[in-house]
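The next block holds one structure in the form of structure tokens; read it before the comments.
In what follows, chains are A, B, ... by sequence order, proteins preceding strands, each numbered from 1.
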2 protein chains.
Amino acid sequence: MTAQDTGSPKARRGRRPGASSTRQAVLDAARARFASDGFAATTIRLVAADAAVDASQVMQFYGSKDELFAAAMAIPASALERFSTAFGGHDEHLGERVVRAYLAAWEGTPAESEPLMAMLRGAIVNENASAQLRAFIESRLLEGTSGRSDDAALRAGLASSMLVGVVTSRRIIGVPTLADADTDELVAVLAPAIQQILVPPATRTTPIEPGSTP
Amino acid sequence: MTAQDTGSPKARRGRRPGASSTRQAVLDAARARFASDGFAATTIRLVAADAAVDASQVMQFYGSKDELFAAAMAIPASALERFSTAFGGHDEHLGERVVRAYLAAWEGTPAESEPLMAMLRGAIVNENASAQLRAFIESRLLEGTSGRSDDAALRAGLASSMLVGVVTSRRIIGVPTLADADTDELVAVLAPAIQQILVPPATRTTPIEPGSTP
DNA sequence: CTCATATATCAACACCTGTTGAGAACCTGA
DNA sequence: TCAGGTTCTCAACAGGTGTTGATATATGAG
């Protein structure tokens, strides 16, 4: 069973009968491979075999491995909505909403989580993925926190990178302690910390309530 | 200037005169390459060229690329001491000490930071590095927190993975907001959050001090 | 001095990679 | 029916990879 084996021992040469759904099949196979094996370990020949197609077909559709990867990393709108709604208000449940949004995005349906997973796994070895993750960490939380204190951007970036770190440890590195915990346990511990980072308790911009510290 | 160029156009064939320091030179070159380029992008031929040595020499010394990588990932005792001392007590500065320990370990002298950097960069693509990072996140903080509440392991793992996430964003992904901030800024924001994760404020085990909150 | 051993280079191996060009089979519209 | 474009397979290329065996030179022990 080598990688080149595309199923039937003698696939006919020309176009297959019926409407073509191969383009989507290739993209699906690529998303799954990139998400689970990373950019470097995913070869065009493997993706082609998964989609039961010749490798040169993948090239004809997507031009190059990088472009295929870019297509596989495209984050669906539904996943982005999760974040937009989570960062709506600045009440005392901001932390919990944000934590739940991150965990849900990486643990939801494959169609949503795989592009994020691919982005995370590819970020270290692929310049494209690195830029995308950079933008994700920088801007995702900022929509909601615009116009607050001057270090709002730093706080948003820190909270985001911390949660990405948690997700990476849990789903990619596979740290047992984190991987075995269920979502509610994680939220219980993480939410207050993230809340404190995003909405720091009374420092100087807001008036200090009397009698807090002697 | 190809990669194979080892400096002199016609290197003599046998052993070089004088005492041999090549073994260490190869290890140093490997550490630097693995730390800056990652496991996959680092080739034995590149390391050999950096050390001005033939590629087969690297194999003769370290057996395989994986074993060379393992040697490059060996974390020096001085770096480990940083963590051991940081997690000493459970006072109200635990968070700050831990945060500073993490940031310092990844920003100190190359001899200390490169193995950690190599571990981080390799963790996604190399099984060996993945296991090492797993162990690092799991056990590093536990030495100090043993015998506390039952979710101490979870809290320690979460704090560790969060800080690894911050370091990754700052030094590997290169998120501008985090990369441009200096250490004290980061500590100011992170320390209270990490403190809260490691030593949760007054739940039930420790008695609440009177008059803290009205 | 002599000889085992560690150090060093060279050439080549078998394999895998992304990518390309040619051509076959099918679909669509005129 | 018959072009024209799309989809699909085959075969091969050029380059890079980790790794190996043969061979040459220096060191160090006896």
Atom [atom1] of [X] to atom [atom2] of [N]: distance rounded to whole Å?
X	N	atom1	atom2	value
Arg33(A)	dT17(C)	CZ	P	11 Å
Met59(A)	dT7(D)	CE	P	16 Å
Ile44(A)	dT20(C)	CD1	P	10 Å
Arg23(B)	dA8(C)	CZ	C1'	13 Å
Tyr62(B)	dT7(C)	OH	P	11 Å
Phe69(B)	dG18(D)	CZ	P	13 Å
Leu46(B)	dT19(D)	CG	P	15 Å

Side chain of [X]: nearest nucleotide among [options]?
X	options	result
Phe61(A)	dT19(D), dG18(C), dT7(D)	dT7(D)
Lys65(A)	dG18(C), dA8(C), dT19(D)	dG18(C)
Asp54(A)	dT19(D), dT19(C), dT9(D)	dT9(D)
Ser64(A)	dC8(D), dT19(D), dT19(C)	dT19(C)

Among Glu127(B), Arg134(B), Gln132(B), which residue satisfies the side chain to side chain donor-acceptor pair (under 3.5 Å) criterion with Ser130(B)?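 The passing option is Arg134(B).
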
Please report the closest heavy-atom contact between Ile44(A) and Ala55(A), naming both atoms and the distance. CG2-O, 3.9 Å

Do you know the tightest heavy-atom contact between Ala181(A) and Leu154(B)? CB-CD1, 4.0 Å

Can a side chain N or O of Gln57(A) be found less than 4.0 Å away from OP1 or OP2 on dT7(D)? no

Give every pair of a protein N or O atom and an N or O atom of nucleotides 13-16 of chain C that lie under 3.5 Å apart, one pair per line with the distance.
none

Would you tabulate the nitrogen or oxygen pairs shorter than 3.5 Å linking the protein to nucleotides 21-23 of chain D?
| residue | atom | partner | partner atom | Å |
| --- | --- | --- | --- | --- |
| dT23(D) | O2 | Arg13(B) | NH1 | 3.2 |

Looking only at the side chains, is there a donor atom on one of Asp66(B) and Ser64(B) sitting less than 3.5 Å from an acceptor on the other? no

Quick one: does Arg155(A)'s side chain have a donor or acceptor within less than 3.5 Å of a partner on Leu198(A)'s backbone?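 No.
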
Check for a donor-acceptor pair, side chain of Glu138(A) on one end and backbone N or O of Gly157(A) on the other, with a separation under 3.5 Å.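 The answer is no, because no donor-acceptor pair under 3.5 Å joins these two groups.
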
Tyr102(A) side chain reached by Val166(A) side chain, heavy atoms, under 4.5 Å: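 No; the side chains remain at least 4.5 Å from each other.
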
Sequence neighbours left out, cut at 3.5 Å: what donor-acceptor pairs do the side chains of residues 108-120 of chain B make with other protein atoms?
| residue | atom | partner | partner atom | Å |
| --- | --- | --- | --- | --- |
| Glu112(B) | OE1 | Arg82(B) | NH1 | 2.4 |
| Glu112(B) | OE2 | Ser78(B) | OG | 2.7 |
| Ser113(B) | OG | Thr109(B) | O | 3.4 |

Within 45° cone and under 6.0 Å: Lys65(A) NZ/CZ vs Phe34(A) ring: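 No.
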
